[in-house]
Amino acid sequence: MYLVADIDVDICAQTSCKLCTQFCPEANTILYNDQAGKEKGYKYGAAYVAVDRCKGCAQCVWVCDNMAKHHAIKMIMIDQLPNAAITDNVVYGEKSTTAVLTSPVVG
Amino acid sequence: MSLDYVKFSPGFEKFMPKEYRDMVEHGPFGKKTTVSQMGSFKEILEEHPMCAGCAMTLFIRLAMISFPNPEDTITVGTAGCGRLSISQAAIPFVYGNYGDQNGVASGLSRGLRLRFGDKPKDVVVMAGDGGMADIGFSCTLHSWFRKEKFTTIMLDNEVYGNTGGQESGMTNKGAVLKMAPLGKKFEKMDMVSMAKSAGCAYVATVVPNNPRRVEAVIKKAVLIAREIGPTYIQAYTSCNIEYAIPTDKVMEDAKNVEGDRYQFSEYVTDEAKQFLAERYGYKEFLPKPAPAVTKA
């Protein structure tokens, strides 16, 4: 098993700074959903990770901890994630994306 | 070289893979995309085989988003790490022999001008420090002396990363590497001064720990190269393998290096300033109004 980034929606949706998206070296890996957290009253949505593209470098963790100072991202083993987004389930909209969360580990 | 090549061939739409479909329907072609919209549209760059946490990939990703007209852009590269991801993008990529990337780009740029006239077609060279400052040095400098109108971007990781860690002309003095165990005996080449002497209209040094700044620099360089002359960007893109930087500390290293030897600098000729202000409305380069005369 290997590590992937996991973003805490509750912490991320409070500020929605998008810094992790801008510092990830992989394209279309940390995506943005402006509907996330709306049911809890947060306005601007949150970022999420398409785990099949994440190489586990943890740059986003450093950026979130030291530049944004939000501590919303943790590296966890992929089989410990109950549900996660993968590229095949990402749907692009006009100004945002959504993803149906599924179990990332097959078989 | 137009929006025509970013659509489905008739009858083939349902057979296209998801990534292709997303690129046609939600890609940046024909729109103005910025760094702040990242994560909400399909990017030109796709999955690539470069190392986890590579700062060069981050810079290439930002550069691809910053191109003013991605549908009218061709990238040219050469051997080195960078081409592994530059080639995995939805814009044409020309792969030269080692070191001739600026020669290839010169011919390409002239040919496109003959074919398309005034319609801007951007040629962007992206190559490593070895391909540009060592092996391709003569092609690079001569293209600047000839005032060829295209953008040259050096991805400076200060080492030959792809072949096991030999010293390059851009390695710092004293640096000990896997294939340079005695340490480098000479100073780092001053390509920025050479670019200015050779007549580049725009020269900038940048570190990818400020995405908006990278975007601004690349936009200016590509726009100036359309009509004024050659432009040069030197970007520090660390090699976390050869310099043994833990992947989660890559941005910390970029910050330290920016403070140490890679401060942001920008050189714009007066002609280029005037061009950007008049043609593309850059307010920072508009002539300053004369101060109001106040009576004492």
Side-chain angles (χ1 to χ4, degrees), chain A residues 2-5 7 12 16-36 44-68 73-75 85-99, chain B residues 17-19 21-28 31 33-62 64-65 85 88-90 208-215 237-238 240 245-255:
Chain A
Y2 53 95
L3 290 165
V4 291
I7 301 176
C12 183
S16 313
C17 69
K18 289 192 181 183
L19 275 183
C20 53
T21 313
Q22 296 175 13
F23 282 89
C24 177
E26 304 298 314
N28 289 121
T29 301
I30 303 184
L31 295 159
Y32 191 73
N33 180 359
D34 64 3
Q35 297 300 315
Y44 302 110
Y48 64 95
V49 181
V51 289
D52 55 330
R53 290 186 170 220
C54 179
K55 288 181 181 169
C57 68
Q59 256 185 57
C60 52
V61 178
W62 190 88
V63 167
C64 195
D65 288 354
N66 294 284
M67 291 175 91
I73 310 182
K74 301 238 170 339
M75 301 304 292
I86 56 170
T87 303
D88 282 351
N89 294 337
V90 173
V91 180
Y92 289 86
E94 279 300 305
K95 288 182 178 171
S96 168
T97 67
T98 49
Chain B
K18 182 181 187 301
E19 283 83 358
R21 197 180 290 276
D22 286 342
M23 177 57 68
V24 174
E25 289 164 359
H26 302 287
K31 301 172 196 161
T33 51
T34 63
V35 164
S36 57
Q37 294 166 334
M38 281 163 88
S40 55
F41 63 91
K42 175 74 183 160
E43 290 170 35
I44 299 172
L45 190 64
E46 249 302 322
E47 279 188 296
H48 53 74
M50 286 174 77
C51 308
C54 178
M56 189 184 286
T57 325
L58 171 61
F59 183 84
I60 291 167
R61 181 177 174 227
L62 294 172
M64 296 273 178
I65 289 169
S85 66
Q88 308 299 317
N209 66 358
N210 188 338
R212 281 167 200 269
R213 183 181 281 164
V214 173
E215 181 187 15
T237 55
S238 62
N240 54 325
I245 307 163
T247 52
D248 59 339
K249 298 276 192 287
V250 165
M251 279 302 119
E252 191 179 329
D253 166 75
K255 203 175 164 191

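Letters A, B, ... mirror the listed sequences (proteins, then strands); counts begin at 1. Values reported hereafter were calculated over all heavy atoms of this structure, with side chains retained and with hydrogens, waters and symmetry mates removed.
Side-chain atoms of A/E94 and B/H26 form no donor-acceptor pair, as typed in the model, at a separation below 3.5 Å. Counting only N and O atoms by type, the side chains of A/T97 and A/Y48 include a donor and acceptor under 3.5 Å apart.
Remark: the backbone N or O of B/L45 is not paired with any side-chain donor or acceptor of B/R61 at under 3.5 angstrom. When atom types are taken as modelled, the side chain of B/T247 and the backbone of A/C57 share a donor-acceptor pair closer than 3.5 angstrom.
For chain A, the nearby parts of B/K42 are the backbone and the side chain; heavy atoms of each come within less than 4.5 Å. Of the atoms belonging to A/C54, not a single heavy atom falls under 4.5 Å from chain B. Only the side chain of A/M67 comes within less than 4.5 Å of a heavy atom in chain B; its backbone stays farther off. When heavy atoms are compared at a cutoff of 4.5 Å, A/D34 does not approach chain B at all. Contacts of A/T87 with chain B are made by both backbone and side-chain atoms, with heavy-atom separations under 4.5 Å. Looking at A/K95, only its backbone comes within 4.5 Å of chain B, counting heavy atoms on both sides. Using a 4.5 Å cut-off between heavy atoms, B/I65 makes no contact with chain A at all. Only the backbone of B/P208 comes within contact range of chain A, judged by heavy atoms closer than 4.5 Å. In this structure, chain A has heavy atoms under 4.5 Å from both the backbone and the side chain of B/E252. The part of A/D52 that comes within reach of chain B is its backbone (N, CA, C, O), which places non-hydrogen atoms under 4.5 angstrom from that chain.
At a threshold of 4.5 Å between non-hydrogen side-chain atoms, the residues A/C64 and A/K74 do not count as touching. Taking 4.5 Å as the limit, every side-chain heavy atom of A/L31 sits out of range of all side-chain heavy atoms of A/T21.
Heavy-atom pairs under 4.5 Å with chain B peak, among A/V61, A/V91, A/I30, A/D88, at A/D88. For the options A/P25, A/G56, A/A47, heavy-atom pairs under 4.5 Å to chain B are most numerous at A/P25. With chain A as the partner, the residue from B/K255, B/E43, B/E25, B/M38 showing the most heavy-atom pairs under 4.5 Å is B/E43.
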Step by step, would you call A/V4 with A/V49 a side-chain contact (heavy atoms from CB on, under 4.5 Å)?
-> CA-CA 9 Å; A/V4 291; A/V49 181; 5.7 Å; no

Could you go step by step and tell me if A/T29 and B/E47 meet the side-chain contact (heavy atoms from CB on, under 4.5 Å) rule?
-> CA-CA 9 Å; A/T29 301; B/E47 279 188 296; over 6 Å; no

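Geometrically, B/K31 does not engage B/F41 in a cation-pi contact defined by less than 6.0 Å to the ring centre and at most 45° from the axis.
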